[in-house]
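Here is the structure we will look at.
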Amino acid sequence: MPEIILPELGEGITQATISYWYFEEGEHVEEGVDLVELATEKTTFNLPTPCSGILKKIYANVGEIVKVGDLLAIIE
Amino acid sequence: MKFCQYPHWLVKRFYNTREFNQVRLILRKFNLRTVCEEARCPNMSECFSKKRFTLLILGNKCTRNCRFCFVKKGKPILFYEEEVDNICQAVICLGIKHLVLTSVSRDDLPDKGAEHFARIIRRMKFLQPSVVVEALIPDFGSKEALIELVVKSGLDVLNHNIETVPRLYPQIRPDANYHTSLKVLKIAKKFGSLTKSGLILGLGEKKKEVKRVMNDLSKIGVDILTLGQYLRPGENSLEVKEYINPQTFSYYREIAEGIGFKYVLAGPFVRSSYLAEEIFTAIKDKFRSI
Ligand code: SF4
């Protein structure tokens, strides 16, 4: 089960705020499409999915602050 | 529901690729720093994924105090000879075709760091003549001999950013001077270099002031212009005065093309080194035929 972890988005960027999930739990996602939008101190990033599958679970809601290394979602 | 912190056009894709991580590893291995990391550039994952980066040479502490920049200020560490070898090895190891070098300002050195730029360029061109080298230099006090040294070392593109409009210099670049920067580009042009300059917008400049700067740059023959959005790199940095929308960037691009720049790149995520290789490829034939 691929885990979507918040990667290091840039030097010294330790956290981000979830600003939008492009899919809901249970939906099919294609490898490479944007999965989640993250706001950092400097700008907003779109994080693409590394694989295709069902978005099984979302672990962080919109508005929540997540840290580098935190589990964001699971794709099955 | 959407959590909005920035305008909708300020969204950057994050490329978590193998190349992105490989570039980071190689840079660490050769003890090299990039302005991409130091300035927290939002394009970093995209550029690294294409094996592009801008090396920061001559240490990571700057002797000047520009308010938009996130590079550390203070007494710089001493630069070291191995930097030349490490850069060349990393470039060869990663198969880099277009190398962009920049440095902190080194007003503490008699040659302001010009000889070190020249040494790296000469060595790179000796080892791998096909590597295109672009140097984004500080103003070197607009000393002709120092600019000549860098231009004549085998350099392909001389880049020096004008950064902002003259009125904002005291506030944004208190240790620099608008006319000194223009002179740098004029001297580089005199020695036959392809020249490039850029502005960061959103610092409180007015449209007519931007147009004046574009005219000044065009008059001295600057070939390439980049226009990008200032993004606040950290909590203690200058605040963004305005988020320039993509339509305004297009408006500036059209004006700049109209007054004769050979290539203009304008957009929220444009930085002076963004897509440097593509820009060079697009205009090199044009330049050589002149
Ligand atoms: S745009 Fe320039 S500074 Fe930013 S990541 Fe790319 S090469 Fe580095």
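Remember, predicted model here, so these are calculated numbers, not experimental data. A note on names: the letters A, B, ... follow the listed sequences, proteins ahead of strands, and every chain is numbered from 1. The figures that follow rest on heavy atoms only: side chains count, while hydrogens, waters and symmetry mates do not.
For the atom pair OG1 of T49(A) and CG of N16(B), the computed distance is 12.0 Å after rounding to the nearest 0.5 Å. Atom SG in C41(B) sits 12.5 Å away from atom CD in E11(A) (nearest 0.5 Å).
Between the side chain of R40(B) and the backbone N or O of K42(A), no donor-acceptor pair lies under 3.5 Å. In terms of modelled atom types and a separation under 3.5 Å, the side chain of Y6(B) and the main chain of T40(A) share a donor-acceptor contact. Side-chain N or O atoms of T43(A) include one that pairs as donor or acceptor with a backbone N or O of L10(B) at under 3.5 Å.
Between R24(B) and E8(A), at least one side-chain N (NZ, or NE/NH1/NH2) sits under 4.0 Å from a carboxylate O, which counts as a salt bridge.
The ring-ring contact (aromatic ring centres under 6.0 Å, His included) search around F23(A) returns none, not counting sequence neighbours.
Applying the 6.0 Å contact sphere to NZ of K97(B) captures no more than 12 heavy atoms from other residues, nucleotides or ligands. Around atom CD of E24(A), no more than 12 heavy atoms belonging to other residues, nucleotides or ligands sit under 6.0 Å away. For R28(B), the CZ atom sits in a packed shell: over 12 heavy atoms of surrounding residues, nucleotides or ligands are nearer than 6.0 Å.
Interface remark: E37(A) contributes side-chain atoms only to the contact with chain B (heavy atom separation under 4.5 Å). Contact annotation for F269(B): only side-chain heavy atoms (C-beta onward) come within less than 4.5 Å of a heavy atom of chain A. For R232(B), the part sitting under 4.5 Å from any heavy atom of chain A is the backbone (N, CA, C, O) and nothing else. Contacts between L38(A) and chain B at a heavy-atom distance below 4.5 Å are absent for every atom of the residue.
The candidate with the highest count of non-hydrogen atom pairs below 4.5 Å against chain B, out of L47(A), D34(A), I13(A), is D34(A). Here R13(B) is the residue among R13(B), Q5(B), Q229(B) with the most heavy-atom pairs under 4.5 Å with chain A.
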(Q) For L9(A) and F14(B): C-alpha separation, side-chain torsions, deciding distance, then whether side chain to side chain contact (heavy atoms under 4.5 Å, CB included) applies. (A) CA-CA 7 Å; L9(A) 297 165; F14(B) 183 76; 3.6 Å; yes
